[in-house]
Each structure stands twice: as C-alpha cells, then as structure tokens.
Colleague: 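Mind looking over this structure? Questions follow.
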There are 2 protein chains.
Amino acid sequence: MSLDTNIRAADAIVAELESQIASGRLRNKSPLPAERELMEQFGTSRTVVREAISTLSNRGLVESKPRFRPIVSKPDYATVLSATGNVVRHLLNEPGGVKNLYQSRVFMECGLVRQAAISATKTDISDLKAALEANKNAINDSEEFYRTDNAFHGVLYQIPKNPIFPAVHEGYTSWLAPQWAQMKRLPERNLANYEAHKAILDAILERDADAAEEALNVHLKAAWEYVRVTFDMEAD
Amino acid sequence: MSLDTNIRAADAIVAELESQIASGRLRNKSPLPAERELMEQFGTSRTVVREAISTLSNRGLVESKPRFRPIVSKPDYATVLSATGNVVRHLLNEPGGVKNLYQSRVFMECGLVRQAAISATKTDISDLKAALEANKNAINDSEEFYRTDNAFHGVLYQIPKNPIFPAVHEGYTSWLAPQWAQMKRLPERNLANYEAHKAILDAILERDADAAEEALNVHLKAAWEYVRVTFDMEAD
DNA sequence: AGAACCATATTGGTCATACCAAACTGGATA
DNA sequence: TATCCAGTTTGGTATGACCAATATGGTTCT
C-alpha cells in the first residue's frame, strides 16, 4: 500500500532487477550475475546485493538454491501462488482454516462446472471424458486414483482458458494435499468419487448448469464430510 | 515442496521465528527483538539475522519500515494477498494480464451473487441496501462514488462469511485500482452503475440466482467494455 | 576423439568489525 | 505537566576475510 520513506538501498536494486527481468534483459531461466559483479554494477556493498537477491527470491522472481547462482524465473500465476504457500500453511493451522479454504474451493468449482455446462468446447468435453476414463481405471489403485481424481478437477480449471484458474487449482492441490495425504483411501470410496465425477460430466454433457452444480456440490460435500470425520472437526 | 539441501543458517532462524509468531510467543503487533539480540540468541552473525528478518518481511510475517523495529504481524488472508501484490503487478503488464484478472473477478462475483440470492441473511440484505443507498447518494461525486461502488461489491464478498473472500476482494481492488484510477468517471456512468447495482440487488431480493448473475454479468461486462475502450485493448 | 579426472579460479554463505544517522530513552528544564 | 536535550540504542551500509562447494579448463587415460 503505502510507500513510506523507503530509503533502503536494496530496494533500488530489487526494482532495477525486477524491471530487467520483466523486460527480458535478464533472460528467463538464466543465472543472475555474480554477487560481486552486481555489487560493482550498483556501487553498493555485497550486503545490500545479497539482501536484494533474498527479496527477489522471496518474491519468486529468482529461484535460489543454496550454493548455486540464482536462476531468473519470470513470474507466472503459479509462481504467485506457490510464493504464498508458506504463509498459507500457517493459516490452515488456525481453527477453521482448512474449512475456509475448502469452502472456497467448492465455491470455485461450482462456478467452473456451471461455466463448463454452458460453454465447454468439444475439446474440453473430450478432455473431461479422458480424465474420467483414467479415473475409472484407477479405482483399485488408490495412489493413482488420487492423481486422476485431481486431474479431473484440474480439467475444470482449464476450461475458462484463463491462466489464473489452473494456478488456483495448483494452489488448492498443494495446500490441501497434506490433509488428504493422511486419509485412508478405500476402493469403495474411490468408486463413489468416480461415480460423482461421472454425474458431473453427464450434467455438463446435457448442458444443465444447475444439475452440474448440484452434482459437484454433493460430491465435494461428501468428500468434506469424510475429511471432517477423519480429523474430528466440529460440524458446520 | 522439495526441501533440497537447505543449509542456510537464515532458514533455521526464519523457521524458529515463524513458529514463535504462530504460537503467540512473539506477540502480534509487538516489535521483534533487536537484531543484535537475535544474533546472540541464535549464535549467528548479524548478517544471517538480517537475512532472516528480510525473509519474514517478504513473507508478510513482520512489517518492517526502514529504521524501525520490525513489527510482528500474524498472517491473515489479506496479508497473503498483499504480499503477492508486487509480483501481480508484473503479470498485469503482460498482454492479457488485466483481462485475465478482470475475468476471474467476474467469475468470482457471478458466484457470489448467486450465493447471495440463495442464502443472503437479513443482515446481508440490509448491508446491501445500505451500500446501495450510499452509492446512490454519491452519483455526483465521482471520487466518493468509486468508494461506494467498491464497498457495494465488497458486501458481496462478505456474504459467505469466509475470510478468504474479503481478502480476494481487497486484492482485486488494489491490483486493478491503477487501471481504474486513470479513467474518467462521469456522472452519467455513475448513474448507470448505480442502476446496475440496483438491478443486482433486486434480483437478490427476489431470490432469483439466474437473474442476479445475469445482472451482474451485464454490469461488469459494460464496465469492462469501458475499460477496454479507454486503454485501446484488443476486443475479446 | 571422447570420456574421466584433477588443480585452480569463482562464487555463495557466513563472520567480525566499524561507522553513521535516525530513533529511542530518561532526566533536566521551563 | 509538558518540553526539550544529550546520551544510548538500533537499523542500514560498508569492508574485508575465510570456508566450502561449484564451475572451469586443461590434462590424462581409454
């Protein structure tokens, strides 16, 4: 929001490098200049150069592994989401945290299936069918089922052809994965989930937004109930 | 995701301070210990302490103004969003960036008005009415109209009673504000916007989700068209 | 020629120390 | 009690040094 009195030398370097990354002067996936070089280039001490790099790293504009040259990484929506990962973890540990996130996911996907029902293209439909088929074939392999389940939902996020949505899906997947990982996954539940997916797809095929939303709602509500019981949370 | 070979001393300090903040051992809104104190406490040099603080600051867990002690700021959803602000700005400068963000906002609010139509409480309704009234009274004061316009949409984000949504609204507001700021705002447009808001509220009052969604769609589509023309972007 | 290998120059990570200016503190003063 | 000032604390920056791991380029072996 406010810019305060920002007289940090590091901020100037951050700004400059940011613009060089954005403009492509610093090519994506290529290493940043050496610290001692930047230090000369900007006429500052290595201290501030390192602070600047640290900031860029936290912003997700460079990927820095210890002992390696930081790699320029032009930001995309996935970067934004993953950069927030650490903080989100804290929020999930607060009471109601998981529920809030899950609820927002239900909200999001309700909208997605409506939109899918209304405007899914042939390609979208065949992607959904393929994902459902893979899902069906994995009913007895819970590990694989999880992946195909997630992939099915992922297709929904692709339908708007807007890069923000797949990034959000990635966020949900990675943030909620820890919860999901410690749940037992039984073939009968896999079957139920597959059938729920099928119901959703059927509704989309019939171009019935209300039915699709309803099917998705039932599906995710049931899944949540299972999560809730497993973690012994308070009811709604 | 991957933990790699994380041998950075600063990371240990970050982790420790993070957990102290989460547990409340470091009280919210209170200043962090002095750098020289942390340095002794963790047995490292001031260099790594400062790097750790910089990381915390970028994560949004402390608020650090130059020359002032960093203030502990327990993360909330708004913090997460605002921490991403810098990167999002870059994405908005890329072709289609603003459009993608705006489209996601339309998507979000379509869902919100549907939900409002279905399950808005009396309190929600009266909040909406109050916001609309304020909106009406500001038609001739474009500065004020912008605020009330935004507030009206903000009420929609409050209806799910989920802290994630208001945070998202804050995100949209701050990210799209720069675009909005440089647009001329005429009383006749204010009036049109007010009437659009009224149509939305009317549909909500009639508990007609489809009509509410439609009204909102018309409203935001029109607003987008205005933005698009102003900035001379390509058509859809 | 191409692959495995090794000595050396780079380079990131950390430490110790120092200086400055702004912020803070507490007691003297009006 | 409110104000003001000097001394202290503290964040921002600069140097310079050392270590260990990496990157590099030439040498040797196959």
Side-chain angles (χ1 to χ4, degrees), chain A residues 1-18 20-21 25-73 83 86, chain B residues 2-18 20-21 26-73 83 86:
Chain A
M1 285 326 109
S2 59
L3 295 182
D4 307 277
T5 22
N6 232 338
I7 4 180
R8 277 197 185 87
D11 292 330
I13 301 185
V14 168
E16 173 60 23
L17 291 181
E18 265 188 350
Q20 291 195 13
I21 291 173
R25 196 171 173 294
L26 282 173
R27 269 173 313 173
N28 197 9
K29 302 298 172 191
S30 73
L32 225 51
E35 294 180 356
R36 289 172 175 82
E37 199 170 319
L38 290 171
M39 149 186 173
E40 185 186 348
Q41 176 180 335
F42 288 100
T44 68
S45 68
R46 232 179 107 207
T47 312
V48 310
V49 167
R50 284 182 58 75
E51 188 175 332
I53 292 178
S54 160
T55 296
L56 289 175
S57 169
N58 284 318
R59 288 230 213 300
L61 290 161
V62 305
E63 204 165 321
S64 100
K65 286 191 301 181
R67 297 249 153 236
F68 286 81
R69 296 272 283 277
I71 303 293
V72 172
S73 130
N86 301 74
Chain B
S2 57
L3 295 183
D4 303 276
T5 22
N6 230 340
I7 356 179
R8 274 197 186 90
D11 292 330
I13 300 184
V14 169
E16 174 60 21
L17 291 181
E18 263 188 352
Q20 289 194 13
I21 291 173
L26 281 174
R27 269 173 313 173
N28 196 10
K29 303 297 172 192
S30 73
L32 225 53
E35 295 180 354
R36 288 170 174 83
E37 199 170 319
L38 290 171
M39 150 187 173
E40 184 185 348
Q41 177 179 334
F42 288 101
T44 68
S45 68
R46 206 148 74 92
T47 311
V48 309
V49 168
R50 283 182 58 75
E51 188 174 334
I53 291 178
S54 160
T55 297
L56 289 175
S57 170
N58 284 317
R59 288 228 208 304
L61 290 160
V62 304
E63 203 165 320
S64 100
K65 287 191 301 181
R67 297 244 155 241
F68 286 81
R69 298 271 284 276
I71 304 293
V72 171
S73 131
N86 301 74

Colleague: Can you tell me how far C1' of D:dA21 sits from CD of A:Glu35, to the nearest Å?
Modeller: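 So the two atoms are 14 Å apart, to the nearest Å.
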Colleague: OP1 or OP2 of D:dG12 versus the side-chain N and O atoms of B:Arg50: is any pair under 4.0 Å?
Modeller: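 B:Arg50 to D:dG12 OP1/OP2: side-chain N or O found under 4.0 Å.
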Colleague: Of the nucleotides C:dT14, D:dG11, C:dG13, which has the atom closest to the A:Pro66 side chain?
Modeller: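 Looking only at side-chain atoms, A:Pro66 lies closest to C:dG13.
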Colleague: State, with a plain yes or no, whether a side-chain heavy atom of B:Lys29 is found less than 4.5 Å away from one of B:Val72.
Modeller: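 A side-chain contact is absent here, since even the closest heavy-atom pair is not under 4.5 Å.
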Colleague: Below 4.5 Å, heavy atoms only, C-beta onward: do A:Arg69 and A:Leu32 meet side chain to side chain?
Modeller: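 Heavy-atom side-chain distance check fails, nothing below 4.5 Å.
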Colleague: Does a distance-only test, which skips hydrogens and angles, find a donor-acceptor pair under 3.5 Å between the side chain of B:Arg67 and the base of D:dG12?
Modeller: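 No such pair is found, so the answer is no.
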Colleague: Can you tell which of D:dT13, D:dG11, C:dA23 lies closest to the side chain of B:Ala34?
Modeller: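 Closest nucleotide among those given: D:dG11.
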Colleague: Could you please name the option among D:dT13, C:dA23, D:dG12 that lies closest to any side-chain atom of A:Ser45?
Modeller: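 Looking only at heavy atoms from C-beta outward on A:Ser45, the closest nucleotide is D:dT13.
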Colleague: Which nucleotide in the set C:dT14, C:dG12, D:dT13 lies at the smallest distance from any side-chain heavy atom of B:Ala9?
Modeller: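 The answer is C:dT14, which lies nearest to the side chain.
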Colleague: Does C:dG12 have its OP1 or OP2 closer than 4.0 Å to a side-chain nitrogen or oxygen of A:Arg69?
Modeller: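 Yes.
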Colleague: Let me know, please, whether A:Leu32 or A:Thr47 comes out on the 5' side of the other along DNA chain C by nearest nucleotide.
Modeller: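 Result of the comparison: A:Leu32.
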Colleague: Please tell me whether B:Arg59 and B:Ser54 have a donor and an acceptor in their side chains that are separated by less than 3.5 angstrom.
Modeller: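 The answer is no; no qualifying pair exists.
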Colleague: For the side chain of B:Arg46, counting heavy atoms from C-beta on, which of C:dG13, C:dA18, C:dA23 is nearest?
Modeller: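 Of the options given, the side chain of B:Arg46 lies nearest C:dA18.
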Colleague: Please report, rounded to the nearest Å, how far the C1' atom of D:dT8 is from the CZ atom of B:Arg36.
Modeller: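 In whole Å, D:dT8 C1' and B:Arg36 CZ are 12 Å from each other.
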Colleague: If I take atom CD1 in residue B:Ile71 and atom C1' in nucleotide D:dT10, what distance separates them, rounded to the nearest angstrom?
Modeller: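 For the pair B:Ile71 CD1 and D:dT10 C1', the rounded distance is 13 Å.
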Colleague: Whole angstrom is fine here: how far is it from CG in B:Asp11 over to P in C:dT14?
Modeller: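 My rounded result for the distance is 8 Å.
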Colleague: What integer distance in Å separates A:Glu40:CD from D:dT15:C1'?
Modeller: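 So the CD-C1' distance, A:Glu40 to D:dT15, works out to 16 Å.
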Colleague: Can you measure B:Met39 atom CE to D:dT9 atom C1' for me and round it to whole angstrom units?
Modeller: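 Whole-Å distance recorded here is 15 Å.
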Colleague: Just how far, in rounded Å, is C1' of C:dG12 from NZ of A:Lys65?
Modeller: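 To the nearest whole Å, that distance equals 14 Å.
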Colleague: If you count the non-hydrogen atoms of other residues, nucleotides and ligands that lie under 6.0 Å from CD in A:Glu40, is the total more than 12?
Modeller: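 Not buried by this count: 12 neighbours or fewer within 6.0 Å.
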Colleague: How long is the line joining CZ of A:Phe68 and P of D:dA21, in whole Å?
Modeller: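 It is 11 Å, rounded to the nearest whole Å.
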Colleague: Taking C-beta and beyond as the side chain, do A:Val62 and A:Ile21 meet within less than 4.5 Å on heavy atoms?
Modeller: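 They are in contact (side-chain heavy atoms under 4.5 Å apart), so the answer is yes.
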Colleague: Name the nucleic acid region contacted by B:Thr44, choosing base, sugar-phosphate or nothing; use a 4.0 angstrom heavy-atom cut-off, strictly under.
Modeller: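 Sugar-phosphate, no base atom in range.
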